[in-house]
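A, B, ... follow the sequence lines: proteins, then strands. Residue 1 opens every chain.
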Amino acid sequence: MEKAYDHLRTESDWYRKWEASGLFTPDVKATGVPFSIILPPPNVTGSLHIGHALTLSLPDIIVRRKKMQGFNVLWLPGVDHAGIATQMMVEKNLKKERNLSKEDLGREKFLQLVWEWKDLSEKKIVAQIKKLGLALDWSRMKFTLSDEMQRVVRKVFVQLYREGKIYQGTYMVNRCPNCKTVLSDLEVEHKEVHGRLTYIRYPLKKDPRRWIVVATTRPETMLGDVAVAVNPKDSRYKKLIGQEVLLPLAGRAIPILGDDDVDKHFASGAVKITPAHDPLDFKIAQKNKLEKIVVIDELACMTGPIPGKYLGLDRFACRREILADLRALDLIEKEEEYVHNIGHCQRCETVVEPNISRQWFLKTADLAHPAIRAVLEKQIVFIPEKWKKVYFNWMENIQDWCISRQLWWGHRIPAYYCQECQEVVVAEENPGRCTKCGGARLVQDEDVLDTWFSSALWPFTTLGWQNDSPDFKTFYPTSIMATAFDIIFFWVARMIMMGIHCAEAVPFREVLINGLIRDDKGQKMSKTKNNAVDPLEIIREYGADALRFTLAIQAAPGMDISLSINRIKGYKTFANKIWNASRYVIMNLRGDEDLRIDVRRISDADKWILQLLNATVEKVNVLFDEYHMYEAADLIYHFIWDEYCDWYLEFSKNDLESPHTRSVLKLTLFRILQLLHPFMPYISEEIYQKIKTDKDFLLQTEFPAFNKDFVFPETFAAVEVLKKVVAETRKTRTENRIEPNKKIPIYLACDSPAEKEQLLKHLRYFDFLARSLKTEIVDDLSVLPKGFRGVSQNWEILLPFASDEDRLRELQRLTGEHDKLGKLIAQMEGKLSNSEFVGKAPAEIIQSFKKNLQEYIEKKAKIGKTIDDLS
RNA sequence: GGGCGAUUAACUCAGCGGCUAGAGUACUACCUUCACACGGUAGGAGUCAGAGGUUCAAAUCCUCUAUCGCCCA
């Protein structure tokens, strides 16, 4: 084996071998308990970012352990067509590279271009995922816009239409003038904007010298005003209700009406009503049966029955014109700086325009109830649980979902309009003739479905619900959905609704929510901030194993992660440590080792490590079951480095002649590789191949479980004492500047005959680890030559002085420690003499306090005696 | 406006009622000893944001304040 671990070499071709061996492909007929996770499909908008690495590798860690535990595991990959995002990206490229718009190409040619892009992007993404080492079953790979998915989406659409859950209607929706499509409420991001509140005078028709003042942040919309509304309880305006005002610039007369929804404390207390361009005004207009005048078109330019000079102006240009014209007429009472929230397009950040139009909607109320109940009844559990509050909050206030988009890339809506009788025919395939009048001129709806519509069907459609396939029967409901919190509404909630409705069961049992990845300054990563990290770069430099381990150990459930390169570096070093520990073990194996350990013939150090391994295994399993993989990773890390390498491998150097110790070395290494495998699949596999058992791959071996044969509490305790005495001896050496390599005589004394006996048995370890020339265990240190002292519980250590200076230095140090202990003892005695503490604290706490106090007192006494001795 | 989270060593974070508060990185001293200098041994480093409270006991629970971040309306 090489002296330094080379992650590039190790990580280069294991994946191909795993995949080729069919390890990742489950058999529906297998006997194991089914366990399934569907990969959250990455968007085919380009390549993966580091956030994906987290969301994808956490479930992989779970999946690999489950496989090793004998579950029949399906981990199914796929990618998402990501309608609006992908289309925009391709449009942008087309503009940049060929200076063409999608309209220049036409629908068919443009879509062909998007498909090409999709293939490229998918290829990149799949390569990235494989680099990460995910144990995905590629034979079942899915795409949200494949022919099969298109069929099933149409099937569901038609079903929901027939049930009356999908309907077409004319409502106020959000429109992005840049993306040229409507958006759902979720795709609108509200951001605080510094704007201006303009107070405008609307003259009364009866008496133009008097007026009512309305305030607005959007003066251009006044051209579409149909009324002025006041609160009927507002004494200032009560008597004006019923009168009319003359709408400035437009010159129309509009009524003043009373409506309870008007907040009389806001601005002037009177509001202009523009039903076609404001959601609240729309509501008030519906109530009062007011006309809706559209004055802003789909591209956010002025339109409709307005003075010609404004026609065709962009909404913001028009605003400037209107303000200038009002000012000229002295109709502006005042203007105020005003901070308010404005909706922006999630994709392009353009200010969205509320707009009335005819769209397709999904009625959500009936779907939401069972979805809420499923979580209430714990058929679905959120991890961490706090996210269910977020879920409930949204679901209880859910609005109907606008599902049509004016895009080309996506699932085309299966609705056909008869050109003869205007009938709307909704069908899975083009019916050819109008079902009402028999006319042959049918034109399909131009729009496509919101990307999230197909995503909502993902868990059951990927498993073949539409064909009642064996996969569906075996693996649905899936076990876990792992995702980031930012798509709980977009995706998780909708999957639950559609899963219950269509597939008649919840889509998954547990929702594992992970945080976002931030940079080491806590900033959200983004391309615009230029702090985004490419996972491939990290993998190249530090290894997929190091990246996976870093993500795992930092991923406390639901918490954001600040990704620090330093940490990744640290775990790359860890891989090297593992490599070298293995190198040591493998170099010393002689081929006669037996993994069935004969516990009667192994050394105490062997027993000690087996007991510790056992305890670690037990805890790791508990932590995994609680989804605390980050703690499991931490535990494994410290077991390997601080116990196995620092102590056990050193102990073993004295026992290499024993085949039993060599067997334990081999077994413990094997177990370590198994524990590590879910986190670090590559290095663990590479080393496993060198100590291979009857299984070809580590993933086929059984994940470690508690072993009742490896329980040796007394031996364990004795070795722990030995470690402490060694540590104290080393400390005494270093503090007193005794050369690390120099072998010196060491004297030990101990109050406990039992411990003394144990240590005598372990003297070969002690001599080796403490670099002792000759160790003597005596009854009374005071009869020996003067020396440096160390104290560890029942033990005293003496390292003879080389000079009188040594003596004085030692005296000074001891005095300091004596004082420190005195303070600590006083503190603890105070607690123990407090009757309330003694009365109320649990017995074992008091017991351990007393025990510690006793130790401190004894230690102090010993130091005191030594001080007298040396003085 | 409603809600959620964070604030612990120089940096990035764990710990979430109980022994002298931990990790990785960085730092200091010494050491190329035959697994590993991507190493070893030892060390320094924190009034756990602030103020009150509950408790025998608080970084941990409660209240308030401050700062930062996020979500919903």
Side-chain angles (χ1 to χ4, degrees), chain A residues 1-7 185-186 189-190 341 343 384 386-387 389-390 393-394 397 485-486 488-489 515-516 518-524 542 546 549-550 553-556 558-588 628 630-631 633-634 637-638 641-642 645-646 649-650 652-653 726-727 729-743 768-771 820-821 823-825 827-828 830-832 834-842 844-853 855-856:
Chain A
M1 285 171 82
E2 297 294 321
K3 199 168 164 184
Y5 174 59
D6 179 355
H7 67 269
D185 296 341
L186 276 179
E189 282 180 355
H190 294 269
N341 276 311
K386 64 172 189 187
W387 291 108
K389 272 207 258 178
V390 177
N393 190 347
W394 189 69
N397 298 299
F485 64 80
D486 53 345
I488 288 179
F489 306 141
L516 299 177
R518 300 171 180 284
D519 68 10
D520 56 7
K521 288 174 194 70
Q523 300 270 316
K524 206 167 161 173
Y542 305 101
F549 203 84
T550 310
I553 207 165
Q554 291 218 82
M559 295 294 299
D560 287 354
I561 291 178
S562 293
L563 193 75
S564 105
I565 293 294
N566 272 340
R567 259 194 111 140
I568 303 176
K569 254 186 225 165
Y571 296 116
K572 177 180 180 251
T573 322
F574 177 50
N576 188 61
K577 186 74 178 178
I578 295 163
W579 180 257
N580 276 290
S582 308
R583 194 160 82 99
Y584 162 78
V585 172
I586 290 163
M587 267 169 34
N588 286 297
H628 283 209
Y630 69 110
E631 284 183 275
D634 189 64
Y637 178 94
H638 290 289
W641 202 312
D642 300 348
C645 292
D646 286 356
L649 295 188
E650 295 304 315
S652 77
K653 285 173 186 173
V726 169
T729 308
R730 284 168 170 171
K731 191 176 146 194
T732 310
R733 288 184 69 126
T734 325
E735 273 173 353
N736 297 296
R737 299 174 190 285
I738 298 171
E739 279 176 55
N741 289 327
K742 193 176 171 194
K743 290 201 173 186
F768 179 70
L769 295 171
R771 306 237 105 211
K820 208 169 133 191
L821 275 170
K823 275 185 206 154
L824 197 59
I825 288 165
Q827 213 178 46
M828 293 185 79
K831 258 187 183 168
L832 282 168
N834 181 336
S835 62
E836 296 215 73
F837 171 68
V838 178
K840 292 187 183 173
E844 61 269 25
I845 297 292
I846 296 178
Q847 221 35 55
S848 76
F849 258 77
K850 280 185 177 163
K851 191 172 143 257
N852 286 326
L853 177 60
E855 271 169 25
Y856 294 148

Exercise. Do Tyr542(A) and Thr550(A) have a side chain donor and acceptor closer than 3.5 Å?
Worked result: no
Problem set entry | Secondary-structure string, 5' to 3', Watson-Crick or G-U under 3.5 Å, | for another-strand partners, for RNA chain B | (((((((..((((....[...)))).(((((.......))))).....(((((..]....)))))))))))).
For this session: Go through rG15(B), rA35(B), rU12(B) for me and flag the one nearest to the Arg583(A) side chain.
Result: rA35(B)
Problem set entry | Nearest to side-chain heavy atoms of Cys645(A), which nucleotide of rC38(B), rA35(B), rG15(B) | rA35(B)
For this session: Using a 4.5 Å cut-off on heavy atoms from C-beta on, say whether the side chain of Tyr5(A) contacts that of Arg583(A).
Result: no
Problem set entry | Aromatic plane relationship, Phe574(A) with Tyr571(A) - under 30° parallel, 30 to 60° tilted, over 60° perpendicular | perpendicular
For this session: Among the candidates rC38(B), rA35(B), rA42(B), find the nucleotide nearest to the side-chain atoms of Ala727(A).
Result: rA42(B)
Problem set entry | Spacing between Asn588(A) atom CG and rA35(B) atom P, to the nearest angstrom | 7 Å
Problem set entry | Atom-pair distance (CZ on Arg730(A); P on rU41(B)), nearest Å | 6 Å
For this session: Heavy atoms only: give me the nearest Leu649(A)-Ala581(A) pair and the separation to one decimal.
Result: CD1-CB, 3.7 Å
Problem set entry | Of Val390(A) and Ile553(A), the one whose closest RNA chain B nucleotide lies more 5' | Ile553(A)
For this session: Let me see the working for Met1(A) and Asn580(A) under side chain to side chain contact (heavy atoms under 4.5 Å, CB included), right down to the final yes or no.
Result: CA-CA 9 Å; Met1(A) 285 171 82; Asn580(A) 276 290; over 6 Å; no
Problem set entry | Side-chain touch Ile488(A)/Trp394(A), heavy atoms, less than 4.5 angstrom | no
Problem set entry | Geometric cation-pi criterion Lys577(A) and Tyr637(A), 6.0 Å radius, 45° cone | no
Problem set entry | Pairwise C1' distance, rU8(B) and rA21(B) [rounded to whole Å] | 8 Å
Exercise. Nearest to the side chain of Asp646(A) - rG15(B), rU41(B), rC71(B)?
Worked result: rU41(B)
For this session: Check whether any side-chain nitrogen or oxygen of Tyr5(A) sits under 4.0 Å from OP1 or OP2 of rA35(B), and answer yes or no.
Result: no
Exercise. What integer number of Å spans the C1' atoms of rC70(B) and rC11(B)?
Worked result: 23 Å
Problem set entry | Integer angstrom distance from the P of rA29(B) to that of rA9(B) | 24 Å
Problem set entry | Sub-4.5 Å side-chain heavy-atom contact between Asp6(A) and Trp579(A) | no
For this session: Round to the nearest Å and state the distance from Trp387(A) atom CH2 to rC72(B) atom P.
Result: 11 Å
For this session: Test for a donor-acceptor pair under 3.5 Å between the base of rC36(B) and the side chain of Lys3(A), counting only N and O atoms.
Result: no
Exercise. Of all heavy-atom pairs between Phe549(A) and Ala633(A), which one has the smallest distance, and what is that distance?
Worked result: CZ-O, 3.4 Å
For this session: Using a 4.0 Å heavy-atom cut-off, write out nucleotides 21-26 of chain B from 5' to 3' as B (base contacted by protein), S (sugar-phosphate only) or - (no contact).
Result: --SSS-
Problem set entry | Ala581(A) vs Lys389(A), nearer the 5' end of RNA chain B by closest nucleotide | Lys389(A)
For this session: Pick the P atom in rG18(B) and in rA57(B), then give their distance to the nearest Å.
Result: 15 Å
Exercise. Once you round it to whole Å, what is the distance between P of rC71(B) and CH2 of Trp394(A)?
Worked result: 15 Å
For this session: Sticking with atom P, work out how far rU55(B) lies from rA23(B), rounded to a whole angstrom.
Result: 34 Å
Exercise. Once you round it to whole Å, what is the distance between C1' of rA37(B) and NZ of Lys577(A)?
Worked result: 11 Å
For this session: Could you work out the separation of rG15(B) and rU60(B) based on their P atoms and round it to a whole Å?
Result: 14 Å
For this session: Take atom P in rU65(B) and the same atom in rG2(B), then report the distance between them in whole Å.
Result: 12 Å
For this session: Name the orientation class of the two ring planes belonging to Phe485(A) and Trp387(A) (parallel below 30°, tilted from 30 to 60°, perpendicular beyond 60°).
Result: parallel
For this session: State, yes or no, whether a side-chain contact exists between Arg730(A) and Leu769(A) at a heavy-atom distance under 4.5 Å.
Result: yes
Exercise. rU33(B) P sits how many Å from Lys653(A) NZ, rounded?
Worked result: 13 Å
Exercise. Once you round it to whole Å, what is the distance between P of rC36(B) and CG of Asp6(A)?
Worked result: 17 Å
Exercise. If the C1' atom of rA59(B) is compared with that of rU7(B), how far apart are they to the nearest Å?
Worked result: 11 Å
Exercise. Which part of the nucleic acid, if any, lies within reach of Lys731(A) when heavy atoms closer than 4.0 Å are counted: base, sugar-phosphate only, or nothing?
Worked result: sugar-phosphate
Exercise. What is the distance, rounded to the nearest whole Å, between atom CG of Leu769(A) and atom C1' of rU41(B)?
Worked result: 12 Å
Problem set entry | Minimum-distance nucleotide to Phe485(A) side chain [options: rC38(B), rG15(B), rC70(B)] | rC70(B)
For this session: Report the nucleotide, chosen from rA35(B), rA42(B), rC38(B), that has the shortest atom-to-atom distance to any side-chain atom of Glu650(A).
Result: rA35(B)
